[in-house]
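Every value quoted in this text rests on a predicted model; they were computed, and no experiment measured them. Reminder, nothing fancy here: chain letters follow the sequence lines and each chain counts from 1.
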2 protein chains.
Amino acid sequence: METKGPRSPAMTDVARLAGVSHQTVSRVLNDHPNVKEQTRLRVRAAIAELGYRPNRAARALVTGRSQLIGVVARNSMLYGPASMLAEFEQAAADTGFAVSVGSVRELDRDSISAVVDRHLDQRVAGLVVIAQVASATEALAEIPAEVPVVFIDGDPAAGRSLVTVDQVAGARAAVRHLLDQGHETVWHVSGPTEWFDSAGRISGWRQTLLEAGREVPPLLSADWSAAEGYRAGQMLARMPEVTAVFAANDHLALGVLRALHERGRRVPHDVSVIGFDDVPEAAFFIPPLTTVRQSFGDVARAALTLLLGQMKEESGAADTVIVPAQLVKRESVAPPA
Amino acid sequence: METKGPRSPAMTDVARLAGVSHQTVSRVLNDHPNVKEQTRLRVRAAIAELGYRPNRAARALVTGRSQLIGVVARNSMLYGPASMLAEFEQAAADTGFAVSVGSVRELDRDSISAVVDRHLDQRVAGLVVIAQVASATEALAEIPAEVPVVFIDGDPAAGRSLVTVDQVAGARAAVRHLLDQGHETVWHVSGPTEWFDSAGRISGWRQTLLEAGREVPPLLSADWSAAEGYRAGQMLARMPEVTAVFAANDHLALGVLRALHERGRRVPHDVSVIGFDDVPEAAFFIPPLTTVRQSFGDVARAALTLLLGQMKEESGAADTVIVPAQLVKRESVAPPA
DNA sequence: GCGGGCATTGTTATCGATAACATTCCCACA
DNA sequence: TGTGGGAATGTTATCGATAACAATGCCCGC
């Protein structure tokens with residue numbers, strides 16, 4: 001049995017202790033001008049003494065806005081999304097926002113709708129959606145227009161603010177690098193074709209080959225896993241004419257490396273391989289993997305900036321920020337034998 | 001310029017449309033008995049028609065509890081923590097809870113205190129702390145006793161509810177397996193020694209060797225990265241007497257594999273290697289890695305169950321749940337040459 | 001020395017829900 | 001036929017903050 005515990009102090013308690021009205025306490029809390037320095041100090045002291053913390057629910061109720069940003073992400077341990085989330089949370093915390101995650105097993109319409117609804121229930125001040133596939137875009141059409149939304153890796157044509165890594169340029173740099181080494185052409189193991197990321201990398205790959213007047217080999221498409229990279233690698237290993245492979249992410253590249261190794265094709269002596277992402281382990285693959293680094297931190301910060309911008313002005317301006325990618329050269333690339 | 005937008009409907013709007021009082025609407029929403037079936041239906045219809053959604057802030061204000069669970073985790077792309085978070089969010093969503101993440105760059109006292117404060121500001125109904133190091137435990141001592149807390153991978157001696165993978169048993173299985181293959185002893189590349197996970201794996205390793213009457217080689221300790229695994233691997237590769245290595249996670253194992261490969265020591269022919277975690281890529285290392293799988297989903301669900309239990313009864317019972325780990329045999333282990 | 005204006009502080013209304021208590025309605029039963 | 005009582009519903013208070021407005025107090029110029 002218990003006496004309901006001493007409930008945590010409210011603003012009036014602070015006011016009483018400081019000998020002022022609760023409104024003055026509120027003013028101190030919100031850094032209003034026109035509070036005498038001495039009063040401010042008294043109030044601060046009272047706050048500290050009581051260990052008072054403002055009740056966000058009450059504030060949200062009266063102001064109509066929460067200090068919460070909802071993130072919709074795919075429940076996956078893919079390196080990219082996971083990093084993004086962590087980076088975003090850090091950035092948001094620095095500006096006083098909390099982040100509520102809603103993860104979803106698949107990026108289909110219904111799952112996304114459900115998560116978005118949960119977030120709207122919480123009256124999030126804004127939404128960030130890591131929406132790498134087209135089906136996500138559809139589901140998101142139903143987000144009320146007045147809710148600020150920023151997409152990460154989403155559909156460039158969706159008419160919403162978007163932050164994305166420059167997939168095309170990243171892919172171009174990778175392919176360019178291989179051609180510069182003297183390879184006749186470059187094979188590509190792509191991610192799922194419905195992902196925008198994949199699409200960008202594929203198109204950068206294709207463009208670069210065409211511009212160089214090279215033959216474009218058939219596309220090998222996979223999911224993002226090492227398992228499928230391995231599968232694709234088994235095919236590639238069997239074809240002696242393959243001397244250069246651009247894999248759409250580092251895990252695919254890992255699978256490719258192993259398949260090549262199993263069939264005795266040496267990397268980079270017989271075949272050069274480039275990945276994408278620069279996961280921390282990439283430098284320790286056998287051999288160390290040349291890859292394209294994306295700065296998830298930059299993406300996260302850009303997304304937050306756009307979101308805060310939308311929240312401030314009610315302008316629904318749909319800006320697009322493209323974050324550069326950078327080729328990291330390691331030992332998995334060499335001129336053809 | 002705008003007319004402040006039609007604010008979203010409140011309970012009174014629903015009540016007016018349904019021709020009842022707002023209290024009746026509240027009762028319908030909360031599944032109270034004593035509402036005539038016909039009334040209930042009218043209210044439901046009105047809710048649907050207006051697209052009404054309850055304001056959580058208002059509810060939280062009056063009931064004094066939020067439907068929010070705070071998670072404190074390390075901002076890292078380490079496989080374990082990231083997976084854990086995703087799994088936990090899923091589980092929580094199924095029971096109607098939202099999850100607010102607070103990530104922290106380092107698990108030191110101050111950072112943790114700051115994140116915990118942010119969560120308490122939000123009046124979370126409970127906290128889950130992924131606190132793999134001792135310094136975290138200290139910081140958490142200051143969490144008010146009435147806030148339900150569950151630790152994941154935390155200090156078994158902290159006197160709070162704890163869910164953890166059976167690190168000791170996992171390590172024992174790994175070492176046992178190597179000894180069974182005929183190896184004379186097993187070297188260990190551990191994670192940071194201040195992590196409880198590391199401590200458990202180290203002690204499982206040591207115990208098993210001692211019980212088998214084997215010599216315990218010096219411990220090589222590292223962080224969790226492939227880079228440090230590589231460093232440790234370079235030392236091991238130089239020592240011909242090393243025939244079996246147990247790495248504290250798969251990334252370390254990756255680094256070890258590469259170092260061995262560089263010095264021409266074949267795996268598993270010359271040296272057997274076992275990792276820990278079973279990251280999805282482990283099956284595609286060169287060679288495929290034998291490792292110990294932890295079920296993060298089970299951990300997450302167990303943590304949620306404990307937390308909900310604490311929230312229901314005010315009992316501060318400090319239960320501990322230990323989730324088993326499982327040896328996954330692949331090709332990186334063989335009898336000594 | 002008086003009134004205008006600004007800095008400072010206080011008072012009251014409000015957000016949207018639930019809790020506690022009040023009221024109505026209806027039926028069974030003495 | 002009056003009445004006790006439970007089911008169904010309504011009324012009012014409340015949570016803890018901010019907003020809008022009201023009320024001081026003080027300085028200063030004329």
- Item | Ion pair B:D13/B:R16, N-O distance below 4.0 Å | yes
Side chains of residues 56-65 of chain B: which donor-acceptor partners sit under 3.5 Å, not counting sequence neighbours?
residue, atom, partner, partner atom, Å
B:T63, OG1, B:R59, O, 2.8
B:T63, OG1, B:R65, N, 3.3
B:T63, OG1, B:R65, O, 3.3

- Query: Of all residues at least two apart in sequence or in a different chain, which pass the salt bridge (Lys or Arg N to Asp or Glu O under 4.0 Å) check with A:D117?
  - Reply: B:R53
- Task: Round to a whole Å and report the spacing from CZ of A:R65 to C1' of C:dG16.
- Result: 17 Å
- Interatomic distance, B:L85 atom CG to A:S103 atom OG [nearest 0.5 angstrom]: 7.5 Å
- Message: How many whole angstroms separate atom CZ of A:R123 from atom C1' of D:dA17?
- Response: 17 Å
Counting only pairs under 3.5 Å, give me each side-chain donor-acceptor contact of residues 92-102 of chain A, with atom names and distances, residues two or more places apart or in other chains.
residue, atom, partner, partner atom, Å
A:T95, OG1, A:A92, O, 3.0
A:S100, OG, A:Q122, NE2, 3.3

- Task: Using the test side chain to side chain contact (heavy atoms under 4.5 Å, CB included), find all partners of A:I143 that sit at least two apart in sequence or belong to another chain.
- Result: A:V116, A:L127, A:L140, A:V147, A:V149, A:R160
- Hey, what do you get for CG (A:L17) to OH (A:Y52), rounding to the nearest 0.5 Å? 13.0 Å
- Nearest-angstrom distance from the residue atom CG of A:L29 to P of D:dA19: 12 Å
- Item | Inter- and intrachain pairs under salt bridge (charged side-chain N to carboxylate O under 4.0 Å, His left out), touching residues 32-42 of chain B, at least two apart | B:E37-B:R40
- Contact check, residues 54-63 of chain A vs DNA chain C, heavy-atom distance under 4.0 Å, returns A:L61, A:V62
- Taking N and O atoms by type only, does the side chain of B:H22 place a donor or acceptor under 3.5 Å from a partner on the base of D:dT11? no
- Query: Sequence neighbours excluded, which residues qualify as salt bridge (Lys or Arg N to Asp or Glu O under 4.0 Å) partners of B:D197?
  - Reply: B:R201
- When B:V20 and A:S26 are each assigned the nearest nucleotide of DNA chain D, the 5'-most assignment goes to B:V20
Between the protein and nucleotides 20-22 of chain C, are there any N/O to N/O pairs under 3.5 Å, and if so, what are the atom names and distances?
residue, atom, partner, partner atom, Å
C:dA20, N6, B:Q23, NE2, 2.8

- In residues 30-39 of chain A, which residues come under 4.0 Å of DNA chain D by heavy atom? A:N30
- Task: Applying salt bridge (Lys or Arg N to Asp or Glu O under 4.0 Å), name anything that partners B:R301, two or more places apart in sequence or on another chain.
- Result: B:D298
- Who are the side chain to side chain donor-acceptor pair (under 3.5 Å) partners of B:Q294, not counting sequence neighbours? B:D277
- Query: Are the charged groups of B:E49 and B:R44 less than 4.0 angstrom apart, N to O?
  - Reply: no
- Item | OG1-CG distance between B:T39 and B:N34, expressed to the nearest 0.5 angstrom | 11.5 Å
- Whole angstrom value for the distance that separates C1' of C:dA17 from CD of B:Q67: 14 Å
- Task: Mind grabbing the angle between the end helix axes of the helix from C:dG1-D:dC30 to C:dA30-D:dT1? Five pairs an end, 10° rounding.
- Result: 60°
